[in-house]
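In what follows, a single structure is set out as structure tokens and then discussed.
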Protein chains: 2
Amino acid sequence: MARRKKYKFPKTTIERLSYYFRALEDLSKRGIDTVSSEALGGKLNIKSSQIRKDLSYFGDFGKRGMGYDVKYLLKELKYILGLDREWSVVIVGAGHIGAAMANYDSFEKRGFNIAAIFDNDEKKIGKEINGTPILPYDNIDDFVKQNKIEMAIIAVPAAAAQAVADKLVESGVTAILNFAPVAVQLDENVRCLSVDLTTKLEALAYYMSYSQDKLWKIYS
Amino acid sequence: MARRKKYKFPKTTIERLSYYFRALEDLSKRGIDTVSSEALGGKLNIKSSQIRKDLSYFGDFGKRGMGYDVKYLLKELKYILGLDREWSVVIVGAGHIGAAMANYDSFEKRGFNIAAIFDNDEKKIGKEINGTPILPYDNIDDFVKQNKIEMAIIAVPAAAAQAVADKLVESGVTAILNFAPVAVQLDENVRCLSVDLTTKLEALAYYMSYSQDKLWKIYS
DNA sequence: TCACCCATGTGAAAATTTTAACATACGCCG
DNA sequence: CGGCGTATGTTAAAATTTTCACATGGGTGA
């Protein structure tokens with residue numbers, strides 16, 4: 001019953017599913033068995049109708065009059081999001097961001113296994129971060145192939161990002177999380193999402209200066 | 001002439017303005033004086049019509065038949081985004097992410113001044129990261145008030161994030177960049193953007209497992 | 001000066017996404 | 001066992017955002 005549904009839905013839904021998942025984990029941890037879309041929405045600042053709609057794209061997971069069974073919905077979301085398996089990931093770039101990612105424990109908890117970190121700094125190669133070895137950048141191709149790595153995190157300077165991405169894709173990686181502040185051009189069967197740190201701060205700067213003296217606010 | 005326009009525009013426009021800004025900086029650095037929406041779009045994987053529309057919300061910046069003057073558009077975008085001034089920022093949490101942010105040089109380059117880092121770990125207090133001192137968390141209120149800090153970066157565990165946010169807002173901070181994997185509830189005159197690291201990886205996991213055996217893909 | 005080329009700015013259409021509203025179904029209680 | 005309260009799943013409307021198509025105007029060269 002549960003699953004099987006229309007398969008066209010907003011891109012933003014995926015992101016929200018991830019939020020739901022996390023909130024449900026929290027509820028589960030606190031021993032809460034059942035939650036309504038209203039309650040979940042309150043926790044996440046998301047309208048209850050939005051939650052119901054998002055879930056409805058994938059199946060009927062709730063019970064009318066009752067709400068959603070937390071554990072059951074968790075299980076379903078885990079499957080939907082593809083978190084019911086382990087993913088092998090490499091990090092390219094052992095700088096501050098790469099190191100932070102290697103130390104980010106939530107990744108392991110979710111099944112994202114950081115297999116290795118690559119860098120071309122002689123001083124870093126051979127060391128490890130949070131138990132993960134730093135290997136020479138030149139070995140990346142072999143390593144990715146041998147270990148069937150599918151996902152990669154790019155944490156190198158903007159100027160190097162495109163070359164790194166190309167190399168990764170050539171080696172077989174099909175999903176990339178990019179921290180370099182540049183738009184990487186890739187084949188369309190490779191998934192790439194970017195985390196843009198300055199952009200977010202700049203958006204905040206916009207919002208903060210917005211209410212003050214911007215002309216286009218005045219002349220509508 | 002340039003500025004003064006309708007003031008309602010998509011939220012996503014702000015983010016793109018930020019991308020335009022960065023791409024233009026790059027062009028400028030390479031000595032390119034003029035760029036068309038078509039060329040800029042090619043660099044960023046954004047449709048030219050989208051770029052023209054985005055810019056048109058704020059003014060007429062281009063010359064028909066010619067394109068946009070890179071330096072001029074940079075200057076205008078700088079103003080629009082609120083980057084024509086310095087912003088004082090504090091970081092809360094001197095863990096790996098907080099440290100990475102303190103070391104992220106692009107912030108300074110854009111006028112985001114990291115004034116201090118706060119933590120309650122005795123072993124970290126008194127040290128500094130990338131020249132920025134780590135101060136006791138308890139001093140945060142005074143510091144924010146005395147230094148008229150407006151922006152903050154939260155890089156603490158999820159469980160602590162809400163309390164930290166409340167304290168920051170109480171002290172006078174009105175914009176927050178949140179790295180904690182939790183939805184922070186705030187007064188609506190405080191701007192808060194979240195950078196969600198696991199969510200992005202999870203979205204990738206979804207896309208990767210998507211093409212395989214998901215039921216709702218089959219039964220449309 | 002005029003004709004032609006080119007790329008902007010824009011108004012209208014299309015596509016996407018969110019919100020609202022409600023009929024439907026579940027469980028409980030009497 | 002039937003009525004009632006409740007929260008889902010869904011349909012339709014509203015809102016937002018993107019894309020298209022083209023008239024408009026600046027520059028160049030003859």
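The structure displayed is predicted, hence computed values, not measured ones. Lettering follows sequence order; numbering is per chain, from 1.
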Integer-rounded Å distance: D:dG9 C1' and A:F58 CZ: 15 Å
Phosphate OP1/OP2 of C:dT17 contacted by A:K11 side-chain N/O (<4.0 Å): yes
Phosphate-side-chain proximity, B:Q50 and D:dT19, N/O vs OP1/OP2 below 4.0 Å: yes
side-chain hydrogen bond (donor to acceptor under 3.5 Å, both in side chains) partner of A:D26, the single match among A:K29, A:R30, A:R22: A:R30
B:K167 charged N/C atom sitting above B:F118 aromatic ring, 6.0 Å / 45°: no
Residue whose closest nucleotide on DNA chain C lies nearer the 5' end, A:P10 versus A:K47: A:P10
Under-4.0 Å side-chain N/O to phosphate OP1/OP2 contact, A:Y68 with D:dG9: yes
A:K8 side-chain proximity, nearest of D:dT10, D:dT18, C:dT16: C:dT16
Summary of protein contacts for nucleotides 22-30 of chain C, nucleotide by nucleotide, where a base hit scores B, a sugar-phosphate-only hit scores S (4.0 Å, heavy atoms): -BBBBS---
Atom-pair distance (CD on A:E38; P on C:dA20), nearest Å: 11 Å
Heavy-atom donor-acceptor pair, B:N178 side chain to B:V182 backbone, under 3.5 Å: yes
Backbone N/O of A:T34 and side chain of A:D69: donor-acceptor pair under 3.5 Å: no
Sugar-phosphate, base or nothing in reach of B:S49, heavy atoms under 4.0 Å: base
Interatomic distance, B:F9 CZ vs C:dT10 C1' [rounded to whole Å]: 17 Å
B:Y19 and B:E15: side chain donor to acceptor below 3.5 Å: yes
B:R110 backbone acceptor or donor facing B:E86 side chain under 3.5 Å: no
Touch class at under 4.0 angstrom, heavy-atom based, for B:S37 against every strand present: sugar-phosphate
Touch class at under 4.0 angstrom, heavy-atom based, for A:T12 against every strand present: sugar-phosphate
Proximal nucleotide (of C:dT19, D:dT18, D:dG9) relative to the B:R16 side chain: D:dT18
Qualifying residue for side-chain hydrogen bond (donor to acceptor under 3.5 Å, both in side chains) with A:S37, from A:K47, A:K53, A:R52: A:R52
Among D:dT11, C:dT8, D:dG9, the nucleotide that comes nearest once only the side chain of A:K53 is considered: D:dT11
